[in-house]
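The structure under discussion appears below in the form of structure tokens.
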There are 2 protein chains.
Amino acid sequence: MADISTRKVNPLFLREEELRQGMELLFYAYRDFTAEADLLLEQYNFGRAHHRVIHFVSRNPGINVSDLLAILQITKQSLSRVLSQLVREGFIEQKTGVQDRRQRLLTVTEKGEELERKLSENQRTLIANAYREAGAEAVEGFRKVMLGMLGASDRARFDDEFLPNGLRRRQG
Amino acid sequence: MADISTRKVNPLFLREEELRQGMELLFYAYRDFTAEADLLLEQYNFGRAHHRVIHFVSRNPGINVSDLLAILQITKQSLSRVLSQLVREGFIEQKTGVQDRRQRLLTVTEKGEELERKLSENQRTLIANAYREAGAEAVEGFRKVMLGMLGASDRARFDDEFLPNGLRRRQG
DNA sequence: CCGTTATGTCAGTTATATTGACATATTAAT
DNA sequence: ATTAATATGTCAATATAACTGACATAACGG
């Protein structure tokens with residue numbers, strides 16, 4: 001199946017094949033990437049949504065609910081269940097905004113940070129190993145391609161961080 | 001937030017930051033990647049699972065149920081609902097195996113191929129654009145990193161296709 | 001004061017997956 | 001030939017996680 005001889009003589013097939021491999025890479029990588037954290041989450045009776053909330057609140061301390069919803073792209077009702085659970089169990093804190101007292105600004109507690117570290121440990125290891133094995137140049141390419149795949153609004157979240165080229169350099 | 005000066009003097013922070021960016025790239029890319037196909041699937045009252053089944057059966061004509069389950073990593077009951085729906089509506093065909101008549105070998109009908117093309121059109125475009133904009137070298141790096149992130153069993157699915165280096169070369 | 005915004009919540013629904021138990025047909029092993 | 005194991009399918013109950021819609025409160029901005 002998909003014999004090389006066919007590929008060689010048919011650049012269109014080759015390109016098509018290449019694209020479909022890209023699709024599958026994304027599928028498998030995402031699944032493998034999330035698999036272990038999912039197991040850990042079960043022990044807390046949490047789901048992937050909890051992980052995402054903790055991750056993005058940890059990365060954006062003081063974020064308000066609207067902005068978090070914009071990142072997660074879920075309904076406020078969905079977030080509510082997850083978030084109130086995390087607050088109730090002491091992983092996330094809500095503080096009333098100072099300029100705008102309607103807002104609830106979210107931060108992760110120390111307990112929350114600890115959980116975040118646990119949850120992401122395997123993920124960071126996976127990425128770190130993949131980066132190390134692939135080498136600096138490959139990592140640069142990986143980022144380029146991934147960024148190129150993002151929709152405009154999501155890409156904007158990275159622009160600030162990528163342009164100042166503090167990160168493009170090393171990844172030893 | 002995340003000021004460059006801090007990054008420059010603290011390689012550990014930089015590395016950590018880099019890994020977390022990788023995590024988010026994967027999250028956003030996967031979501032943006034699947035967003036449009038999801039919309040189309042709604043029109044058929046199908047879900048992402050249907051897309052996956054069609055994709056992998058299309059890529060592996062004559063695959064049996066067990067192997068498909070191994071790829072999808074879902075229960076046979078879950079697959080059953082999706083698959084029987086696809087068979088009932090004429091997107092997928094089942095044929096009794098010849099060597100082993102217990103098996104149901106799955107193939108995509110012409111109608112199924114058509115749906116697959118529709119569903120993946122946007123995804124292929126996304127990848128194609130990202131590849132083109134990033135360049136051949138970046139694509140090579142992207143693949144290396146993605147492959148490096150896969151678990152052993154998933155990586156094995158690509159080994160055959162990657163080692164014969166019919167694909168590493170061009171991506172014009 | 002009033003329209004809008006940020007947030008929260010109640011209720012009902014839908015989609016999708018899971019587990020467990022069991023059934024059928026077929027193959028493979030003794 | 002009988003029997004154990006395999007490939008597949010199905011019924012039923014449950015779980016999860018999202019959704020929509022409606023409504024409520026508090027605070028902002030003019």
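In the text below, chain A, chain B and the rest are named by the order of the sequence lines, each starting its count at 1.
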Pairs touching residues 40-58 of chain B that satisfy salt bridge (charged side-chain N to carboxylate O under 4.0 Å, His left out), sequence neighbours left out: B:D38-B:R48
Once you build an axis from the first five pairs and another from the last five of the helix from C:dC1-D:dG30 to C:dT30-D:dA1, how far apart in angle are they, to 10 degrees? 30°
Under 3.5 Å donor-acceptor pairs involving side-chain atoms of residues 70-82 of chain A, not counting sequence neighbours:
residue: A:T75; atom: OG1; partner: A:S78; partner atom: N; Å: 3.2
residue: A:T75; atom: OG1; partner: A:S78; partner atom: OG; Å: 3.0

Scan for ring pair (Phe, Tyr, Trp, His ring centres under 6.0 Å) pairs involving residues 94-117 of chain A, sequence neighbours excluded, and state none if there are none. none
Taking all heavy atoms of A:Q85 and all of A:N45, pick out the closest pair and write down the distance. NE2-O, 3.9 Å
Measure from CG on A:L106 to C1' on C:dT7 and round the result to the nearest Å. 11 Å
Please list, one pair per line, the donor and acceptor atoms closer than 3.5 Å that link side chains of residues 123-130 of chain B to other protein atoms, with sequence neighbours excluded.
residue: B:Q123; atom: NE2; partner: B:F33; partner atom: O; Å: 3.2
residue: B:R124; atom: NE; partner: B:S120; partner atom: OG; Å: 3.1
residue: B:R124; atom: NH2; partner: B:R117; partner atom: O; Å: 3.1
residue: B:R124; atom: NH2; partner: B:S120; partner atom: OG; Å: 3.2
residue: B:T125; atom: OG1; partner: B:E121; partner atom: O; Å: 2.9
residue: B:N129; atom: OD1; partner: B:R132; partner atom: NH2; Å: 2.6
residue: B:N129; atom: ND2; partner: B:T125; partner atom: O; Å: 3.4

Can you tell me which residue pairs pass the ring pair (Phe, Tyr, Trp, His ring centres under 6.0 Å) test with a partner in residues 95-115 of chain A, sequence neighbours excluded? none
Mind listing the residues from residues 60-72 of chain A sitting with a heavy atom below 4.0 Å of DNA chain C? Number order is fine. A:N64, A:V65, A:S66
Scan residues 54-81 of chain A for pairs that pass ring pair (Phe, Tyr, Trp, His ring centres under 6.0 Å), counting only residues two or more places apart or in two chains. A:F56-B:F27, A:F56-B:Y28
With a 4.0 Å heavy-atom cut-off, tell me which residues in residues 33-41 of chain B come close to DNA chain D, sorted by residue number. none
Sidechain N-carboxylate O distance under 4.0 Å for B:R59, A:E17: yes
Restricting both atoms to N or O, compile the protein contacts to nucleotides 27-29 of chain D shorter than 3.5 Å, with distance only.
residue: D:dA27; atom: OP1; partner: A:R101; partner atom: NH2; Å: 3.1
residue: D:dC28; atom: OP1; partner: A:R101; partner atom: N; Å: 2.9

Remember a base hit wins even if backbone is also touched, and classify B:E42 as base, sugar-phosphate or nothing at under 4.0 Å, heavy atoms. nothing
Hey, are A:E137 and B:K144 close enough for a salt bridge, meaning a charged N less than 4.0 Å from a carboxylate O? no
On a heavy-atom basis, which atom in B:I54 and which in B:V108 lie closest, and how many Å separate them? O-CG2, 3.9 Å
Look at A:R157 together with B:E24 and state whether they make a salt bridge at an N to O cut-off of under 4.0 Å. no
Any chance you could list the contact pattern along nucleotides 12-21 of chain D? Use B for base contacts, S for sugar-phosphate-only contacts and - for none, protein heavy atoms under 4.0 Å, 5' to 3'. -----SSBBB
So CD of B:E114 and CG of B:L119: to nearest 0.5 Å the spacing works out to 10.5 Å
From B:L25 CG over to B:Q21 CD, what is the distance, rounded to the nearest 0.5 angstrom? 6.5 Å
Hey, is the main chain of A:R104 close enough, under 3.5 Å, to the side chain of A:T96 for a donor-acceptor pair? no
Would you mind listing every ring pair (Phe, Tyr, Trp, His ring centres under 6.0 Å) that reaches into residues 97-129 of chain A, with sequence neighbours excluded? none
